[in-house]
Asker: 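Handing you a structure now.
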Amino acid sequence: FFFFQAEDGIRDSVASRGLGDVYKRQVSTQSTWDIKFLMLKKKGKTAMLVIDVQNDFCEKGSLPVANASAIVPIINLLRKSELINYVIYSLDWHPPKHCSFVSTYPGKKVLDTVEVPKTKASQVVWPDHCIAGESGSNFHPKLEIGPSDIIVKKGTIEHVDSYSAFGNELEETSLKQILIQLGVGTVFVVGLAYDYCVRFTAEDAHKLGLISYVIEDATAAVAPKSKEEADKSFSLLGIKRLRSSELLKKQLELPDNSNTYS
């Protein structure tokens, strides 16, 4: 598999795999959505974005999501779908004193909101999790990773946090450039957690002009209230929610998104 953290070398790495040039695209809408059944080869490529399926977010981790392990077999099955051209994994990959850790702020407790000293950003604090190189940052042991799959790390800067696998203005990951290089126009977002990192990754993909789907039974949520907020946001933005069975039918018709990025 391939790790990407910075833009340097992306073009060379992707070109060496015969994946083509950067695609210049224009934003398209989801108005052509129609859940009919046929995938045409003229469509843009597709990618499954597998978000943060790591030990610390699973049942025995420091920040567990209920039923997290139950989504792993579904993700493993989805990666075999003929509708998915590429599989890209994100990893939370934090330094030991990351700004999202409760231990960074003496006297604070989990879910308190603090101001990050260096950036003045508002930050919700969580149990320490996914510390780079430690066992909690590893993928779930039963998650299948293929030799051509791509891995993107996020949250690598001590004073910057981002739920989205695309990062933010202070730490943009290489995900956007990878998708451009691959010619991806449609993403299927799965992983952990539905109401946080999956949500904001799917929303950022939508904002970039990608057709963005969330596969509901291949995700798990932290809490009912935040899940409800995510559902409302997806509905407002027009981000479609599917079941894995729909994607595995082989005939799901995707809207033409061969001209995506501006």
Side-chain angles (χ1 to χ4, degrees), residues 47-81 83-84 87-94 100-102 109-111 124-131 134-146 149 151-155 161-165 187-206 212-235 237 239-249 252:
M48 181 167 69
L49 306 183
V50 184
I51 307 301
D52 300 357
V53 184
Q54 295 169 259
N55 288 334
D56 270 345
F57 296 132
C58 295
E59 285 78 357
K60 294 182 180 180
S62 64
L63 185 48
V65 179
N67 302 312
S69 293
I71 72 173
V72 173
I74 299 172
I75 294 171
N76 290 341
L77 187 62
L78 282 169
R79 62 172 292 116
K80 299 176 175 66
S81 169
L83 296 185
I84 293 175
V87 182
I88 302 172
Y89 296 82
S90 74
L91 281 172
D92 242 11
W93 200 254
H94 297 317
S100 69
F101 292 174
V102 68
K109 57 184 183 296
V110 171
L111 297 182
V124 175
V125 295
W126 302 92
D128 297 16
H129 61 278
C130 299
I131 296 174
E134 295 191 3
S135 60
S137 66
N138 293 340
F139 287 118
H140 186 287
K142 293 187 178 180
L143 185 69
E144 295 178 5
I145 315 289
D149 293 342
I151 297 173
V152 174
K153 295 177 180 179
K154 63 186 179 72
D161 192 33
S162 175
Y163 295 134
S164 172
V187 295
F188 301 98
V189 190
V190 303
L192 301 170
Y194 178 89
D195 36 353
Y196 287 93
C197 297
V198 167
R199 172 188 171 178
F200 289 101
T201 299
E203 291 181 358
D204 279 354
H206 172 80
S212 181
Y213 299 90
V214 174
I215 311 302
E216 289 186 295
D217 55 331
T219 69
V222 171
K225 182 178 179 181
S226 49
K227 181 184 183 302
E228 182 180 350
E229 291 171 354
D231 289 341
K232 289 179 180 178
S233 179
F234 291 154
S235 297
L237 292 172
I239 294 172
K240 302 297 180 180
R241 287 169 284 162
L242 303 176
R243 304 290 293 178
S244 59
S245 57
E246 296 177 82
L247 191 57
L248 291 167
K249 286 178 179 178
L252 177 68

Asker: I need the I51 CD1 to I88 CD1 distance, nearest 0.5 Å.
Answerer: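 Answer for the CD1-CD1 pair, I51 versus I88, is 9.0 Å.
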Asker: Between S137 (side chain) and W93 (backbone), is there a donor-acceptor pair under 3.5 Å?
Answerer: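 It does not hold such a pair.
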Asker: Determine yes or no for a side-chain-to-main-chain donor-acceptor pair under 3.5 angstrom, with H129 supplying the side chain and P127 the backbone.
Answerer: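 Here the side-chain-to-backbone pair exists.
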Asker: Distance from S100 atom OG to D128 atom CG, nearest 0.5 Å?
Answerer: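 Interatomic distance, S100 OG to D128 CG, rounded to 0.5 Å: 8.0 Å.
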Asker: Run the side chain to side chain contact (heavy atoms under 4.5 Å, CB included) test on V110 and V125 for me, step by step, so that the C-alpha distance in whole Å, both residues' side-chain angles and the decisive distance to 0.1 Å come before the verdict.
Answerer: CA-CA 6 Å; V110 171; V125 295; 5.7 Å; no
Asker: Restricting to non-hydrogen atoms, name the atom on P73 and the atom on S69 that form the minimum distance, rounded to 0.1 Å.
Answerer: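 The answer is CD-O, 3.4 Å.
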Asker: Apply side chain to side chain contact (heavy atoms under 4.5 Å, CB included) to residues L78 and V50 and explain how you reach the verdict.
Answerer: CA-CA 11 Å; L78 282 169; V50 184; over 6 Å; no
Asker: Under the ring pair (Phe, Tyr, Trp, His ring centres under 6.0 Å) test, which residues partner Y89, sequence neighbours left out?
Answerer: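 Once residues adjacent in sequence are excluded, the partners of Y89 under the ring pair (Phe, Tyr, Trp, His ring centres under 6.0 Å) criterion are F139.
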Asker: Kindly indicate whether the side chain of E246, heavy atoms from C-beta on, has any atom under 4.5 Å from the side chain of I215.
Answerer: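 Sidechains of I215 and E246: no contact.
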Asker: Tell me, with the steps shown, if V190 and L49 meet side chain to side chain contact (heavy atoms under 4.5 Å, CB included).
Answerer: CA-CA 6 Å; V190 303; L49 306 183; over 6 Å; no
Asker: Listed by chain and number, what are the ring pair (Phe, Tyr, Trp, His ring centres under 6.0 Å) partners of Y196, not counting sequence neighbours?
Answerer: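 Listed in chain order: W126, Y163.
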Asker: Does N67 have more than 12 heavy atoms from other residues, nucleotides or ligands lying within 6.0 Å of its CG?
Answerer: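 No, the 6.0 Å shell around CG holds no more than 12 heavy atoms from other groups.
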Asker: Flag the pair T219 / L192 as yes when at least one side-chain heavy-atom distance between them is below 4.5 Å, and no otherwise.
Answerer: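 A side-chain contact under 4.5 Å is absent here.
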Asker: Find out whether L247 and L83 are in side-chain contact, i.e. whether some heavy atom of one side chain is under 4.5 Å from a heavy atom of the other.
Answerer: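 The answer is yes; the side chains approach within 4.5 Å.
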Asker: Do the side-chain N and O atoms of S164 and E203 include a donor-acceptor pair separated by under 3.5 angstrom?
Answerer: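 Side chains of S164 and E203: no pair found under 3.5 Å.
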Asker: Atom CZ in F57, atom SG in C197: separation rounded to 0.5 Å?
Answerer: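 Going from CZ on F57 over to SG on C197, the span is 6.0 Å.
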Asker: Do K153 and D92 sit within salt-bridge range, that is, some charged N less than 4.0 Å from a carboxylate O?
Answerer: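 Here K153 does not pair with D92 in a salt bridge, since their nearest N and O are not under 4.0 Å apart.
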Asker: Do you know the tightest heavy-atom contact between A205 and S212?
Answerer: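 Answer, listing the atom of A205 first, then S212: CB-OG, 4.1 Å.
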Asker: Show your reasoning for whether ring pair (Phe, Tyr, Trp, His ring centres under 6.0 Å) applies to F234 and Y213.
Answerer: CA-CA 9 Å; F234 291 154; Y213 299 90; over 10 Å; no
Asker: Please, which pairs that meet salt bridge (charged side-chain N to carboxylate O under 4.0 Å, His left out) have at least one residue in residues 54-80, sequence neighbours excluded?
Answerer: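 Qualifying pairs: R79-D149, K80-E144.
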Asker: Indicate yes or no: at least one non-hydrogen side-chain atom of I71 is less than 4.5 angstrom from one of D217.
Answerer: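 They are not in side-chain contact.
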Asker: Please round to the nearest 0.5 Å and tell me the distance separating atom CG of D52 and atom SG of C130.
Answerer: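 D52 atom CG to C130 atom SG measures 6.5 Å (nearest 0.5 Å).
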Asker: For D161, give me all partners under salt bridge (charged side-chain N to carboxylate O under 4.0 Å, His left out), at least two apart in sequence or on another chain.
Answerer: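 For D161 there are no salt bridge (charged side-chain N to carboxylate O under 4.0 Å, His left out) partners, ignoring immediate neighbours.
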Asker: Starting at SG of C58, measure out to NE2 of H140 and round the result to the nearest 0.5 Å.
Answerer: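 Interatomic distance, C58 SG to H140 NE2, rounded to 0.5 Å: 4.5 Å.
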Asker: Please enumerate all residues that pass salt bridge (charged side-chain N to carboxylate O under 4.0 Å, His left out) together with E134, with sequence neighbours excluded.
Answerer: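 Checked E134 against salt bridge (charged side-chain N to carboxylate O under 4.0 Å, His left out); zero matches.
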Asker: To check you understand the geometry: which heavy-atom pair defines the closest contact between A218 and I74, and what is its length?
Answerer: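 So the minimum-distance heavy-atom pair works out to CB-CG2, 3.9 Å.
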Asker: Could you check L242 against E216 for side chain to side chain contact (heavy atoms under 4.5 Å, CB included), going step by step and ending with a plain yes or no?
Answerer: CA-CA 6 Å; L242 303 176; E216 289 186 295; over 6 Å; no
Asker: Pairs under 3.5 angstrom only: tabulate donor-acceptor contacts from the side chains of residues 220-227 to other protein residues two or more places apart or in another chain.
Answerer:
from: S226; atom 1: OG; to: D195; atom 2: OD2; distance (Å): 2.4
from: S226; atom 1: OG; to: A223; atom 2: O; distance (Å): 3.2
from: K227; atom 1: NZ; to: D231; atom 2: OD2; distance (Å): 3.1

Asker: Could you grab the distance from atom OG of S90 to atom CD of Q54, nearest 0.5 Å is fine?
Answerer: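 Rounded to the nearest 0.5 Å, the OG-CD separation comes out at 7.0 Å.
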Asker: So, do L77 and S244 sit near enough that their side-chain heavy atoms are less than 4.5 Å apart?
Answerer: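 Result no, sub-4.5 Å side-chain heavy-atom pair not found.
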